There are 2 protein chains.
Amino acid sequence: MGYRPNLRARAFSRGRTHGIGLLYTDDAWIFEGMNTQVVNSLVRALQRSKYHLVFAPIDSSGAWEEIVLGGQIDGCFVFQSLPPEVLTAVRERELPVALLGDNSDPTMSQVVVDDMAGAYAATKHLIGLGHKRILFFVHQTIKPHCSIGERLAGYRSAIDEVGLKRHECMLAPEEDAIDILVRGDNRPTGIVCYCNLEATLIVHAMWQYGISIPANLSIVGFNDLFATKYMTPPLTTVGFDAAKIGELGARLVLQDIATPHAKRQPVVMTVKPKLIVRGSTGPAAVRVAPRTA
Amino acid sequence: MGYRPNLRARAFSRGRTHGIGLLYTDDAWIFEGMNTQVVNSLVRALQRSKYHLVFAPIDSSGAWEEIVLGGQIDGCFVFQSLPPEVLTAVRERELPVALLGDNSDPTMSQVVVDDMAGAYAATKHLIGLGHKRILFFVHQTIKPHCSIGERLAGYRSAIDEVGLKRHECMLAPEEDAIDILVRGDNRPTGIVCYCNLEATLIVHAMWQYGISIPANLSIVGFNDLFATKYMTPPLTTVGFDAAKIGELGARLVLQDIATPHAKRQPVVMTVKPKLIVRGSTGPAAVRVAPRTA
DNA sequence: ATGAAAGCGCTAACAG
DNA sequence: CTGTTAGCGCTTTCAT
């Protein structure tokens, strides 16, 4: 009979807004790559439970404080790492929370990707193709993040296992990597990239140098996206189910909302990545002299 | 002295949540391409004014009704086209609103991109390079959207202006476009793509056929993204300032919120695109026989 | 000027 | 089990 409950009054009376915050800093790039898929699944998973996502970028305006402390949200997601004062505020408010892509605080629920396993599989793939000199490369624009260490560990584990020599180029400009790939007689024939960004940059650079992929250089990346699938050549990459992260994360905080603070238990859920072999990797290269760019 | 106003109580008392809805359907792909930048700027522009974005995907759950009719939001953005009952609800609620990427209702405020000018510039660019057979291509996965017609009109206007023949391949699978590009003696030497998706697909296909770009085929796309900038070759494309769309949109609805319903005036704001010339276009091709894929 | 009080629309506790 | 009422915490109006 046309009656509509007033959601503001209900929120006031019940002490719940049915909003869940998404706390993130600029450098988390939540609107890039796989992250958008995580966010998308977050929105949908929450909507299914009659909740909505409240975006709370942490910036100098301090608007996040209003949101977190003012009772605008019933729980929140912490996207990657955050300034300590934000975590403190969340804790003191006893706000249900799930960390997304951050494992720095074992007392909080979290969902993480098994990056180590992913990088291990990627490196093993190159080793299996006969590559002996394999570079691990992280571009300088990548911000410090736990996955860097995880992926590096996976790479090292595979390399060490077969007694190869490590070649690491960490948080460096791509010029450094190109230098290593193009100069000297002992150039790497394979490269494990931190993510699709490095892969894209390197493919682009090699194209300029006339080094063909995978004939002369094999490349593995991370992240399975439209753009990587249609690179020339299509990128061999470590993919994972990003939507699952959102679903699991939503379940965690919704569960905690329904649980009195005292009986909440931090739980960590892991999503397993898998290697997707495409055209950017092949048997260890017969080397050709690079032409100058 | 540590006092925190309770936002729920304030929302109740004042009758405003400081939330602005983002109404969209699945097929609007708001987490793809330029759209993510629009959304991102929306979030930031609102936060600057102490508002927050409430994502309201229109799905079968009908959750949007609660949000729109239940007073969960003080205004909203309509992202591309929506089912008519949603628009009706928005209108009846007299909710301040701005259309984003949709010009179907002149009685509502809106911000649009001048797609016609963009496509015109793209086509003129190819004409200027001496191309005589220029194809306009929209992939089948693109959903009906006003920009398709606009871009087509821009293409036609440029083509007709110099008396060339139109070649249009609308809402077709890429196989159709490839067919046109690869078979026969009178193949197009230039192609205007609806967006970066078509450009990516075509570049990928031509790579398989051994047709080199831009030597044998020139391609112009739409959207300026990391992925298009680092394509091989880098894509000549029509770019526009997506962040501006969010800023203007936010201004429009915030303004209307501060204005009594009776005195609100629909205003349309246009953002001008510009052609970014990169490596995927060059002088009209000397044709080579395609090798079989 | 400052301070008291009514009211927003719902929920939950309580009385009948 | 149904019907009444107090109360959530702020804003705004009205009296002082």
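The analysis underlying the following values was restricted to heavy atoms, covering all of them including side chains, and did not include hydrogens, waters or symmetry mates. Keep in mind the model is a prediction, meaning the values are calculated, not measured. Quick note on labels: first sequence line is chain A, next is B, and so on, each numbered from 1.
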Residues that [X] engages under salt bridge (charged side-chain N to carboxylate O under 4.0 Å, His left out), provided they are two or more places apart:
| X | answer |
| --- | --- |
| B/Arg151 | B/Asp115 |
| B/Arg91 | B/Asp105 |
| B/Arg10 | none |
| B/Asp59 | none |

#### Entry: Pairs meeting criterion salt bridge (Lys or Arg N to Asp or Glu O under 4.0 Å) with involvement of residues 257-269 of chain A, two or more places apart
none
### Task
Name the first nucleotide and the last nucleotide along DNA chain C (5' to 3') that come under 4.0 Å of a heavy atom in chain B.
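That gives a stretch of C/dG7 to C/dG9.
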### side-chain hydrogen bond (donor to acceptor under 3.5 Å, both in side chains) contacts in which one or both residues fall within residues 30-43 of chain A, not counting sequence neighbours
A/Asn40-A/Arg44
## Note on the structure
Contacts satisfying side-chain hydrogen bond (donor to acceptor under 3.5 Å, both in side chains) that involve residues 248-259 of chain B (not counting sequence neighbours) are none
### Helix axis bend for the helix from C/dA1-D/dT16 to C/dG16-D/dC1 - C1'-based end axes, five pairs, 10° rounding
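What I find for the helix from C/dA1-D/dT16 to C/dG16-D/dC1 is an axis angle of 50°.
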### Message
Taking ring-ring contact (aromatic ring centres under 6.0 Å, His included) as the cut-off, I'd like each qualifying pair that reaches into residues 1-29 of chain A, sequence neighbours left out, listed once.
### Response
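Those involving residues 1-29 of chain A are A/Phe12-B/Phe12, A/His18-A/Tyr51.
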### Task
Please work out if A/Arg4 contacts a base, only the sugar-phosphate, or nothing of the nucleic acid, heavy-atom cut-off 4.0 Å.
sugar-phosphate
### Query
Do the side-chain N and O atoms of B/Thr270 and B/Asp114 include a donor-acceptor pair separated by under 3.5 angstrom?
no
Hey, can you pull the donor-acceptor pairs under 3.5 Å for the side chains in residues 239-246 of chain B, sequence neighbours left out?
from, atom 1, to, atom 2, distance (Å)
B/Asp241, OD1, B/Ala243, N, 3.2
B/Asp241, OD1, B/Lys244, N, 3.4

Short heteroatom pairs, N/O only, protein and nucleotides 11-15 of chain D, under 3.5 Å:
from, atom 1, to, atom 2, distance (Å)
D/dT11, OP1, B/Arg10, NE, 3.0
D/dT11, O4', B/Ser13, OG, 2.7

